Amino acid sequence: MFSRLKIGPKILLVTISITLLAVIFGSMIAGITSRNALERAAFERLTAVRELKAQQIEGYFEGIANQVQFLAAAQTTISALTGLTRGISQIESGIDSHDEDMMSPVHAYYTEYFAQHLEETGAANDNDNNHVGLMPSDPITLFLQNEYLLETDADVQQKPKLAAAADLAYRLRHSRDFPRFADMLARFGYQDVYLIEPDNGRIIFSAAKTIDFGTSLLAGPHSNSTLARVATEAIKLDPGGFVFADFEPYAPSFGKPTAFVAAPVFVSENLRGVLAIQMSVDEINAIMTSNEAWAEVGLGVSGETYLVGEDLLLRNQSRFLIEDRDNYLQLIREIGTDESIVDQIAQLNNSIGLQQVDTQGTRAALSGATNEEIFPDYRGIDVLSSYRPLQIDGLNWVIMSEIDKDEAFAAFAALRDRLIILASIVLAATIYAAYYFSL
C-alpha cells in the first residue's frame with residue numbers, strides 16, 4: 001500500500017511519523033528526567049529538615065537528662081527532700097485519721113471541680129480516670145490536699161488542725177523550697193517538679209499541685225500511673241542514673257498524655273528519694289513545628305515533621321490539626337479512625353498520644369530502618385517521606401519528614417502541561433510544512 005503512494009504523500013507520512021516519534025520520546029525523556037530531579041530535590045529537602053529536627057530533639061532530651069541528674073545531686077534538692085520527709089513524719093504523728101473535716105472539702109473539690117474538667121476532656125469515659133476512684137482516703141494525703149490543693153479562698157473553718165502544730169516543720173520547709181522549684185518550672189518549661197520519698201512512694205512535694213500531690217505511688221489512687229512506674233524504676237537505679245517514661249494519658253493532667261523523667265537522690269550511698277520532672281510538650285512542639293513556620297524551613301503548604309512512638313501514636317501536634325482542624329478531623333474519620341478518638345482529639349484540640357500513624361514508613365523506622373519512600377500517610381494521602389529512628393535513651397521513637405505528593409510534583413505537572421502544548425505545536429507545524437512541501 002505504502003509503495004503505491006506518490007512521492008508527496010510518502011514524504012508527508014514519513015515526516016509526520018518521524019516527528020511524532022521524536023516528539024513523544026523527547027517529551028517522555030524530558031518528563032522522566034524532570035520528575036526524577038524534582039523527586040530527588042524534594043527528598044533532599046525532607047532529609048535535611050529531618051536531620052535538623054532529629055538533632056534538636058535528641059539534644060533536647062539529652063539536656064533534660066543532664067538537668068535531672070544535676071538537680072538530683074544538688075545539695076538544695078537533698079536538703080529539701082530530707083526536710084520535707086521529716087515534716088511528713090511529724091504530720092503523721094499528729095493527724096487524726098478520722099477527722100471528717102479533712103475528707104469533706106477534698107471530696108467536694110473532686111466532685112465539683114475535677115470531675116467537671118475531666119468530663120470536658122473526654123477522659124472521664126475511661127474507668128481508670130473516674131473521679132470517684134481517684135479520691136484519696138489516706139489522712140496524710142487529705143491533709144496535704146486540704147492545705148495546698150484547694151482554692152485559697154476556701155472556708156478557713158474547714159481546714160483541719162493538727163495537734164501542737166505538727167505541720168510546722170513541713171510548712172516552713174515548703175515555704176522555703178517552693179519559690180526555687182516554681183522558678184525551675186518557669187525557667188526550664190517543666191509542667192511539674194516532684195519530690196518522692198522512697199518508703200511509701202509518697203509525693204511529698206509538687207510545684208504545680210494537682211491531685212497526685214500527697215498520694216502514695218505505691219498504694220494510692222495513682223499507683224498504676226506513668227509517674228508511679230517511673231518513680232519505682234528510679235528507686236532501683238544507682239547514683240547518677242535516670243529514666244524516661246513515654247507519653248501516656250495521666251489522670252491528674254485531666255487525662256492528657258504526659259511524659260516524665262526521674263532520677264534517684266542519694267546522700268553518700270543512702271537513697272533519700274526520687275526527683276521527678278513532668279515534661280512539657282510545648283518545647284517538643286516548638287521544635288517539630290518550627291514554631292509553626294513550616295514553609296520557612298522548606299516544607300511548603302503540606303509538609304511536616306513529626307514524632308511517632310513504639311505504640312504508633314503521635315508524640316507532637318499534627319500540622320493539619322493546627323492549620324485546618326475541620327478538614328483534618330474529617331479526613332481521619334474517613335479513613336476509619338474510631339469516633340471516640342476523633343471526639344477526644346476535637347475536645348482536647350490535641351493529637352499527641354491519640355492520632356495513630358500506622359504507615360509503611362513508621363513500621364520500617366521502628367524496626368530500625370532509615371529510608372526515603374512514597375506511601376499514604378496517617379490521613380490516607382500519598383506523601384514523600386524521609387524517616388529514621390531517634391537515639392534517645394529509654395524511648396523508642398522515630399522521626400518522619402513528609403510532604404504531600406501532589407505538592408512535591410506540582411512543578412512537574414506544570415512542566416508536563418507545557419511539554420504537551422509544545423509537542424502539539426511542533427507536530428502541527430511539522431504536518432503543515434510537510435503537507436505544503438509535498439504538493
Side-chain angles (χ1 to χ4, degrees), residues 42-64 188-191 244 246-247 253 256-259 278-309 311-332 337 341-342 344-357 359 361-362 365 372 376-381 383-392 395 397-408:
F43 274 128
E44 287 176 354
R45 285 196 301 273
L46 291 172
T47 299
V49 175
R50 182 198 76 192
E51 287 306 301
L52 173 64
K53 298 304 178 185
Q55 291 172 18
Q56 289 177 317
I57 285 294
E58 289 168 348
Y60 170 72
F61 276 91
E62 183 179 358
I64 289 287
F188 299 115
Y190 304 147
Q191 291 294 105
F244 280 111
D246 206 343
F247 282 94
S253 297
K256 294 179 181 178
T258 304
Q278 183 177 336
M279 297 168 57
S280 171
V281 76
D282 293 340
E283 183 65 25
I284 295 174
N285 273 330
I287 292 172
M288 298 308 297
T289 66
S290 300
N291 292 310
E292 300 186 14
W294 295 276
E296 284 79 352
V297 298
L299 291 173
V301 298
S302 66
E304 65 171 341
T305 52
Y306 58 89
L307 305 170
V308 181
D311 55 4
L312 296 174
L313 298 177
L314 279 181
R315 292 300 189 267
N316 66 276
Q317 196 76 304
S318 167
R319 173 181 186 172
F320 307 104
L321 177 60
I322 295 172
E323 289 192 331
D324 192 1
R325 182 175 182 271
D326 292 339
N327 187 49
Y328 163 77
L329 293 174
Q330 181 60 32
L331 281 173
I332 64 174
T337 304
I341 297 297
V342 177
Q344 198 166 356
I345 291 173
Q347 288 175 329
L348 294 172
N349 199 34
N350 171 60
S351 56
I352 301 166
L354 296 170
Q355 174 64 63
Q356 186 178 59
V357 191
T359 66
T362 53
E372 300 165 346
D377 71 354
Y378 59 88
R379 301 164 297 147
I381 294 174
V383 295
L384 277 69
S385 179
S386 178
Y387 57 80
R388 78 165 173 88
L390 287 171
Q391 305 301 316
I392 303 173
L395 296 178
W397 287 9
V398 299
I399 184 168
M400 316 292 291
S401 182
E402 298 177 345
I403 191 169
D404 286 6
K405 182 180 176 181
D406 288 345
E407 181 180 2

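Model, not experiment: these values are computed from the prediction.
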**Report entry** Side chain N291, main chain A293, donor-acceptor under 3.5 Å
**Finding:** no
Requested in this report: To the nearest 0.5 Å, tell me how far F320 CZ sits from N327 CG.
Outcome: 9.5 Å
Query raised in the report: Which atom pair, heavy atoms only, marks the closest approach of G298 to R45?
Result: O-NE, 4.0 Å
Report task. Any chance you could measure Y378, atom OH, to T362, atom OG1, to the nearest 0.5 Å? Result -> 11.5 Å
Report task. With the side chain counted from C-beta on, respond yes when V383 and D404 share a heavy-atom pair under 4.5 Å apart, and no when they do not. Result -> yes
For residues 52-60, please give each side-chain donor-acceptor pair under 3.5 Å, one per line with the distance, not counting sequence neighbours.
unit_1 : atom_1 : unit_2 : atom_2 : d
K53    : NZ     : I287   : O      : 2.9
K53    : NZ     : S290   : OG     : 2.6
E58    : OE2    : R388   : NH1    : 3.3
E58    : OE2    : Q391   : N      : 2.9

**Report entry** F61 vs W397, ring-ring contact (aromatic ring centres under 6.0 Å, His included): CA-CA, chis, key distance, verdict
**Finding:** CA-CA 12 Å; F61 276 91; W397 287 9; 5.2 Å; yes
**Report entry** Atom of L46, atom of L384 and distance for their closest heavy-atom approach
**Finding:** CD1-O, 3.3 Å
Report task. Please answer whether the main-chain N or O of I381 pairs with a side-chain N or O of D377 as donor and acceptor at a distance below 3.5 Å. Result -> yes
Query raised in the report: Between S318 (side chain) and S351 (backbone), is there a donor-acceptor pair under 3.5 Å?
Result: no
Query - Gap between atom CG of L314 and atom CE of M400 - 0.5 Å precision - result: 10.5 Å
Query raised in the report: Any donor-acceptor pair under 3.5 Å linking the side chain of S401 with the backbone of V49?
Result: no
Report task. Could you walk me through whether N349 and L321 pass side-chain contact (heavy atoms from CB on, under 4.5 Å), step by step? Result -> CA-CA 8 Å; N349 199 34; L321 177 60; 3.9 Å; yes
Report summary line: In terms of heavy-atom contacts, N350 and L354 come closest through O-CD1, 3.4 Å
Requested in this report: Can you see which heavy atom on G353 is nearest to which on P257, and at what distance?
Outcome: CA-CG, 4.1 Å
Requested in this report: Side-chain contact test, heavy atoms from C-beta onward, threshold under 4.5 Å: evaluate it for F247 versus L307 and give yes or no.
Outcome: no
**Report entry** I332 backbone acceptor or donor facing T337 side chain under 3.5 Å
**Finding:** yes
Report task. Taking atom types as modelled, find out whether Y306 and Q355 have a side-chain donor-acceptor pair closer than 3.5 angstrom. Result -> no
Report summary line: d(E283 CD, F188 CZ) to nearest 0.5 Å is 12.0 Å
**Report entry** Closest contact, heavy atoms only, S386 versus R50
**Finding:** OG-NH1, 2.9 Å
Report summary line: CZ (R325) and CD1 (I345) are apart, to the nearest 0.5 Å, by 10.0 Å
Query - Interatomic spacing from OG1 in T47 to CD in E372 - rounded to 0.5 Å - result: 3.5 Å
Query raised in the report: Taking the side chain from R319 and the backbone from G303, do they hold a donor-acceptor pair closer than 3.5 Å?
Result: yes
Query raised in the report: Does Q317 offer a backbone N or O that forms a donor-acceptor pair with the side chain of N285 under 3.5 Å?
Result: yes
Requested in this report: Assess the side chains of Q191 and T258: does a donor N or O sit below 3.5 Å from an acceptor N or O?
Outcome: no
Query - Side-chain donor or acceptor of T305 paired with backbone N/O of M288 under 3.5 Å - result: yes
Requested in this report: Using atom types as modelled and distance alone, determine if a side-chain donor or acceptor of D311 lies under 3.5 Å from a backbone N or O of L313.
Outcome: yes
